[in-house]
Novice: 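Structure in C-alpha cells, see below.
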Amino acid sequence: GAVVSQHPSWVICKSGTSVKIECRSLDFQATTMFWYRQFPKQSLMLMATSNEGSKATYEQGVEKDKFLINHASLTLSTLTVTSAHPEDSSFYICSARDPSRVHFGQGTRLTVV
Amino acid sequence: GQQVMQIPQYQHVQEGEDFTTYCNSSTTLSNIQWYKQRPGGHPVFLIQLVKSGEVKKQKRLTFQFGEAKKNSSLHITATQTTDVGTYFCAGYQAGTALIFGKGTTLSVSS
C-alpha cells in the first residue's frame, strides 16, 4: 500500500481562490518532504524542499508567497497555492524519503478555471 | 546545480523490438532511480541503483549504473504494448532532492 498519501487527487478551483494540498507519510516520520510540479508532457520539476519545523527551501523561480508550504509535523506537509490562476494548473506531487528510498504521493491534478 | 539529462525524448518501436533510454548526470550520484509514468498517472518506482557498475534485471527490463556513477540506462527487450509510457531517471545526491531527467516517452505499435 501507499506509504505517502496525497490529498486531494484532483481539484478544480476558480481563479483567485486558494487550494491546499496535503502530503502525509503513513508509516514513517519525514523531517523532509519534497514538492514537485509537472506540466503536461514535461518532467517533474522540484519546487521546494519542506523542512519540519522550519521554513521551506524554494527552487529558483518558484514564488514562495504564492506556494505556501507548511511542515508542522513529522508526517504532514501542506502546499497551498494562493490566488490561483489558470497558469497554475498542473500536476503537483509530493515525496518523502524513508531509510530505504523515496516514496511519492499519488499526485494532485489542479485545474484553475 | 545538478542536472540530469535523458535521451531520447521520444521513441517509437514495433512490438517485439528492443528499446533503450539513457541518462547522464552532470555530477556523481549517490544513487539513480527509474520511474515509469502512464498518461494521467503518477510516477511509479521501478528500481534504484546504488553501486558503481551495478546491473539489475526485472524480467525484460535491464538497468545499468555506470562505473563513474554518472550515467545509467534502461533497456527493454522485446517490447510489448504494456510497456508504453514515459520512463524517467532521477538522480540522487545525499542531502538533496531527486532530480528528474526529462523522460523518454515510449510508444509501441502492434
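Note that the structure is a prediction, hence the values are computed from the model and not measured. Within every chain, numbering begins at 1; the chains are lettered A, B, ... in the order of the sequence lines, protein sequences first and strands thereafter.
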Novice: Transitively linked via ILVMFWY side-chain contacts under 4.5 Å: A/Leu68 with A/Tyr36?
Specialist: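 No; A/Tyr36 is not reachable from A/Leu68 via cluster members.
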Novice: Applying a criterion of heavy atom separation less than 4.5 Å, what residues of residues 71-92 of chain B form contacts with chain A?
Specialist: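 Those residues of residues 71-92 of chain B which have a heavy atom under 4.5 Å from chain A are B/Phe88, B/Tyr92.
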Novice: Can you run down the disulfide bond (SG atoms under 2.5 Å apart) pairs that involve residues 46-77 of chain B, sequence neighbours left out, and say none if there aren't any?
Specialist: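 Matches after skipping sequence neighbours: none remain.
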Novice: Please determine whether the number of non-hydrogen atoms from other residues, nucleotides or ligands lying under 6.0 Å from atom OH of A/Tyr58 exceeds 12.
Specialist: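 More than 12 within 6.0 Å, yes.
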Novice: For chain B, which of A/Ile93, A/Thr49, A/Val102 has the most heavy-atom pairs under 4.5 Å?
Specialist: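 Among the listed options, the one with the most contacts to chain B is A/Val102.
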Novice: Between A/Phe104 and B/Phe100, is the ring centroid distance below 6.0 Å?
Specialist: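 Close enough - the centres of the two rings lie under 6.0 Å apart.
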Novice: Kindly work out whether a path of hydrophobic side-chain contacts (I/L/V/M/F/W/Y, heavy atoms less than 4.5 Å apart) joins A/Phe91 to A/Leu79.
Specialist: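 No, because A/Phe91 and A/Leu79 fall into different hydrophobic clusters, even though each may have its own neighbours under 4.5 Å.
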Novice: Report all side-chain donor-acceptor pairs from residues 44-58 of chain B shorter than 3.5 Å, counting only partners two or more places apart or in another chain.
Specialist:
unit_1, atom_1, unit_2, atom_2, d
B/Gln48, OE1, B/Gln33, NE2, 3.1
B/Ser52, OG, B/Glu67, O, 2.5
B/Ser52, OG, B/Glu67, OE1, 3.3
B/Glu54, OE1, B/Val50, N, 2.7
B/Glu54, OE1, B/Lys51, N, 2.9
B/Lys56, NZ, B/Gln48, O, 3.1
B/Gln58, NE2, B/Leu46, O, 2.7

Novice: Please indicate whether A/His7 has more than 12 foreign heavy atoms, meaning atoms of other residues, nucleotides or ligands, lying under 6.0 Å from its NE2.
Specialist: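 Counting neighbours around NE2 of A/His7, 12 or fewer heavy atoms of other residues, nucleotides or ligands fall under 6.0 Å, so no.
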Novice: Specify which of B/Gln9, B/Gln6, B/Lys102 makes the most heavy-atom pairs with chain A at under 4.5 Å.
Specialist: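 Winner by heavy-atom pair count: B/Lys102.
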Novice: Relative to chain B, which of A/Gln60, A/Arg97, A/Gln38 shows the most heavy atom pairs under 4.5 Å?
Specialist: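 When all of A/Gln60, A/Arg97, A/Gln38 are compared, A/Arg97 has the most.
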Novice: Once rounded to the nearest 0.5 Å, what's the spacing between atom NE2 of B/His42 and atom OG of A/Ser95?
Specialist: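 So the gap between those two atoms works out to 12.0 Å.
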Novice: Picking from A/Arg101, A/Lys41, A/Arg109, which has the most non-hydrogen pairs under 4.5 angstrom with chain B?
Specialist: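 Going by pairs under 4.5 Å, I would pick A/Arg101.
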Novice: Please tabulate, one pair per line, all N/O donor-acceptor pairs under 3.5 Å involving side-chain atoms of residues 80-89 of chain A, not counting sequence neighbours.
Specialist:
unit_1, atom_1, unit_2, atom_2, d
A/Thr82, OG1, A/Asp65, O, 3.3
A/Thr82, OG1, A/Lys66, O, 3.0
A/His85, ND1, A/Ser83, O, 3.3
A/Asp88, OD2, A/Lys66, NZ, 2.8
A/Asp88, OD2, A/His85, N, 2.9
A/Ser89, OG, A/Pro86, O, 2.9
A/Ser89, OG, A/Val112, N, 2.8

Novice: Hydrophobic clusters here meaning ILVMFWY residues chained together by side-chain heavy-atom distances under 4.5 Å, can you tell me if B/Val108 and B/Phe19 are in one?
Specialist: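 Yes, one cluster joins them.
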Novice: Please check if A/Leu110 and A/Ile69 belong to a single hydrophobic cluster, counting links between Ile, Leu, Val, Met, Phe, Trp and Tyr side chain heavy atoms closer than 4.5 Å.
Specialist: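 Yes: a chain of side-chain contacts under 4.5 Å links A/Leu110 to A/Ile69.
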Novice: Indicate if B/Leu61 and B/Trp34 have the same hydrophobic cluster label, given that clusters are the connected sets of ILVMFWY residues with side-chain heavy-atom separations under 4.5 angstrom.
Specialist: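 B/Leu61 and B/Trp34: one cluster.
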Novice: Do B/Pro43 and A/Leu44 make a side-chain contact, defined as non-hydrogen atoms from C-beta onward lying under 4.5 Å apart?
Specialist: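 Yes, at least one pair of side-chain atoms sits under 4.5 Å.
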Novice: Select one option (side chain, backbone, both, neither) describing which atoms of B/Gln37 are under 4.5 Å from chain A's heavy atoms.
Specialist: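 Side chain only.
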Novice: Given 3.5 Å as the limit, does a donor-acceptor pair link the side chain of A/Ser43 with the main chain of B/Gly103, or not?
Specialist: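 Pair absent, no side-chain N/O of A/Ser43 close to backbone of B/Gly103.
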Novice: Can you tell me how far CD of A/Glu59 sits from CD1 of B/Ile99, rounded to the nearest 0.5 angstrom?
Specialist: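 Going from the CD1 atom of B/Ile99 to the CD atom of A/Glu59 covers 6.5 Å.
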